[in-house]
Amino acid sequence: MGGILDGLNESQRAAVTHVDGPLLTLAGPGSGKTRVVTHRIAYLLEQGISPYSILALTFTNKAAQEMKHRVVRIVGETNVWMGTFHGYCARFLRRYGNLVGLKDNFTIFDADDAKSALEEAVGIAGVSLTHLKFPEISKSVGQLKNRAITPEMLQSAPSGALEVAVRKIYPAYQKLLLTNNAVDFDDLLMHTATILRTNEDLRADLDSKHEYVLVDEYQDTNLAQYLIVRGLSLNYPNINVTGDPDQSIYGWRGADIGNILNFERDYPNVATVRLEENYRSTPEILSAADCLISCNVRRKAKRLIPTLPSGQKVLICSYATAKEEADDISDQIVQHVLDGTREPKDFAVLYRTNAHSRLFEQALMRRKIPYQLIGGFRFYQRQEIRDLVAYLRLVNNPEDDVSFRRVVNVPPRGLGDKSLQQVTELSRSRGISMLVALRAALERGMLSKKALSGARTFLELYDRLVHLSGDSIVAMLEHLLKATNYIEYLSGKKSDQADDSVQSNVQELLADAEEKDSLMSDGEGLQQFLEQISLASDTDNLKSDNRVTLMTLHAAKGLEFENVYIIAVEQDVLPHARSKHDAAQMEEERRLFFVGITRAKQALQISNASSRGFGGSKMGCPSPFLLELPRAEMSVVDKTGARAPGGRGPWSRDGFWASEWISEDEVSQEVGGEDFEVVRWDDQDPDANRAFVEPSYELPDLPPKRPKKSRDDKKDQGHPNDPAEDQQVEIQEMSPKKGGKLPAGLAGIKSGAELNTSTTLAGIPVDYFKAGTRITHPRYGLGVVVTVDGFGPKRVAKIEFDDGETKSFQLSKAPIDVA
DNA sequence: AATATGTTCATTTTT
DNA sequence: TGAACATATT
């Protein structure tokens, strides 16, 4: 089998043939990373290393499947363990979970189950939520778990209301999970890390068992995962981590980019291999990606070396509305498909948040283009699936009170809040599960007549299911459907809508179950089936059908497409609003954009729209990231003007938007009779670009369009044009927050903030204030800008005044104007 | 318990 | 903008 090293470049070969000792593979996008990992596994096997001593961990099922698939293709069936972190941990806990109080039939709670459990824990802990938000608490708990901090480890005195609350809630929550014999997602990792940490013999045992450990996407590991990997590679540090710090996009989930940046410190004598040659994208696309990512400060410099021939320019496109964006892109797709140059599956539309998919779904549907939506409502999250699965879970783990509550009165059988309350009390006071408590309540005649018969029906059904569980999953499901008349119940509930999706979803679940049944002998498959469901994610559902793919930038990691559209690249969307005050988060947003760009093989369009959201009322500024792209070598297209009906263009909005675009006159001159305007940025002839760079310096006299709907804005009405004299002036925020209404009186934009953020050329913001700009300040007079730092409202200019004095001003506040 | 109507409220990313 | 939640009504 000489083929393992064929067709690999030098660095790839170096990584593949590295056998013993720690190895760090820094793999840029499209550099053949998966190829290296799979070939390395094959190489290890070829060296006579036992498949049982190799452990390969990934983040997604899809990556794991891909890996298995490709390894099998090289070496045939193998017993190498390849799977996700969560999958490995689940298996680990089935075996060793008793060390933290779990039984082997524990349930894995999904996010929703975990939420109800946490809510209950809040109640048990007796914490009032009046001054705290639930999501905050949930986030805090998650963060602790990501860092593998158990309730017992909480030490230092809590500070602040949140910490005080979490101190009570977290232990209550963990206790509750244990009495349910359940874990949440984070627990899978945390418990595993804890067990490895506190049971040295076991750790050493597994360390030697997994002599060779491979970790994919190492830049996305959190502390708990780090501890697991570390624990398994202490005595046998034959560990190969692969990743790309520039693609670390899960910091919000606790991923610590430091894990990869510090790998060389953690493991002495590390061999480092850089895979920098890119086999995926055109030089144009790579140049854009490289240019962007170079703006990150906290990174290891790394090159992207193109190997493909030059292709078309990367496009930046501005639209007037989000709808036009969706329509135009869909039209482009139609065009390419009709041309025969591309198929639907060659396209991907990527966006920051799931909500952005909607317009595209509509646009594509109208054009009858097949598409698939990744994310959004997940299959296993649908009510019908969750209900049915909850029954199965309860069979598998009778202590799972969350599932019990979910199904005990579904369909309604007279077990309402009141009876359930009694059962809950009984369960709490006696320390028994809800299921057992219900039985007890029934026997002791504690229930009302209606509830009594309901309880009988339910328990009868349950017992029957338990009986059938020795048979097959399908048998259970079929009995369940028949006994409860479930489909009828649910479609009756959803009334008017002829919803056949319920039917087909149930069919799909049955098909899954059947597959599991056929693989496993009598009833053995239930637990695995449930685990598979719990750990399934939506990227797994990626079909290889011929469809356009719609998904978030996060979900796109690891994938590639011929043509990629990245949409809504706008201020507060792509650098998301919640990231903008934090430099580290800004860098993560930039990496996210980088990931998106590098998904494209042949063609890439980046777009923004100036209005988006509810009724087009929400305004969007182009993303500052656009300024970091090599625009001189890209095509910059402005489609804001012409497509709108009735000449509705930039001018139709509040006057203040007009300063963003070239004037309508100029647009119509350029456009002529064209359907839409296409303006190219011309780097040969700077004069041609002047129109975009300069006209906005002279702010047009804007008609104060907005009728004063003054109700609460009492003060500004009088002197909208008079910026007050020093930094205490309160300028209303640029982005309309409430009700999508713009603040009144913006006609006389003068403050630095407006100038600095609202000015664009062909949809790209231009910095008004940069070093060298002559400015004037009502109090200090004339001066010149020395430096400008920071983003958005925090943008600060250092100014040297003509009298020699130097001062710094927050541009969002200071009444500075261009001289 | 189920429906009707009103009200608020968000709007990141996910194993 | 609509979805999710809350309250009122039968």
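Just so you know, these numbers come straight off a predicted model, no measurement behind them.
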Residue whose nearest DNA chain B nucleotide is more 5′ - H554(A) or G414(A):
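Its nucleotide being nearer the 5' end, the pick is G414(A).
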Report yes or no: is the cationic atom of R413(A) (NZ for Lys, CZ for Arg) under 6.0 Å from the centre of the six-membered ring of F458(A), at an angle within 45° of the ring normal?
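No, a cation-pi geometry is absent between R413(A) and F458(A).
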Cation-pi, W81(A) ring and R91(A) (6.0 angstrom, 45 degrees)
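The answer is yes, since R91(A) meets both limits relative to W81(A).
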Presence of salt bridge, D110(A) and R386(A), under 4.0 angstrom
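Here R386(A) pairs with D110(A) in a salt bridge, since their nearest N and O are under 4.0 Å apart.
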Just the rounded figure in Å: distance from [atom2] of [N] to [atom1] of [X].
X	N	atom1	atom2	answer
R253(A)	dT15(B)	CZ	C1'	5 Å
K133(A)	dC9(B)	NZ	C1'	13 Å
L359(A)	dT1(C)	CG	P	13 Å
L574(A)	dT13(B)	CG	C1'	11 Å
E531(A)	dT15(B)	CD	C1'	13 Å
E217(A)	dT13(B)	CD	P	20 Å
Y351(A)	dT11(B)	OH	C1'	15 Å
K115(A)	dC5(C)	NZ	P	7 Å

[X] side chain, from C-beta outward: closest of [options]:
X	options	answer
F185(A)	dT15(B), dT14(B), dT11(B)	dT15(B)
N409(A)	dA3(C), dT11(B), dA1(B)	dA1(B)
H576(A)	dT14(B), dT11(B), dA3(C)	dT11(B)
H86(A)	dT15(B), dG2(C), dT13(B)	dT15(B)

Stacking check: are the rings of W252(A) and dT13(B) less than 5.5 Å apart at their centres and under 30 degrees in tilt?
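Taking the rule of under 5.5 Å and under 30°, the ring of W252(A) does stack on dT13(B).
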Using a cut-off of less than 4.0 Å, is there contact between a side-chain N or O of N354(A) and OP1 or OP2 of dT13(B)?
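Yes, such a contact exists.
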What pairs with S579(A) under side chain to side chain donor-acceptor pair (under 3.5 Å), at least two apart in sequence or on another chain?
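If we apply the side chain to side chain donor-acceptor pair (under 3.5 Å) test to S579(A), skipping adjacent residues, the hits are E589(A).
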With sequence neighbours excluded, tell me which residues meet side chain to side chain donor-acceptor pair (under 3.5 Å) with Y250(A).
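Partners of Y250(A) by the side chain to side chain donor-acceptor pair (under 3.5 Å) criterion come out as none, since no residue qualifies.
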Base, sugar-phosphate, or nothing: which does G416(A) touch, judged by heavy atoms less than 4.0 Å apart?
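Sugar-phosphate contact only.
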What does R358(A) touch in the nucleic acid at a heavy-atom separation under 4.0 angstrom: a base, only the sugar-phosphate, or nothing?
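Sugar-phosphate: the residue R358(A), judged by heavy atoms under 4.0 Å, touches backbone atoms but no base.
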When the C1' atoms of dA4(C) and dT11(B) are compared, how many Å lie between them, rounded to an integer?
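It works out to 13 Å between them.
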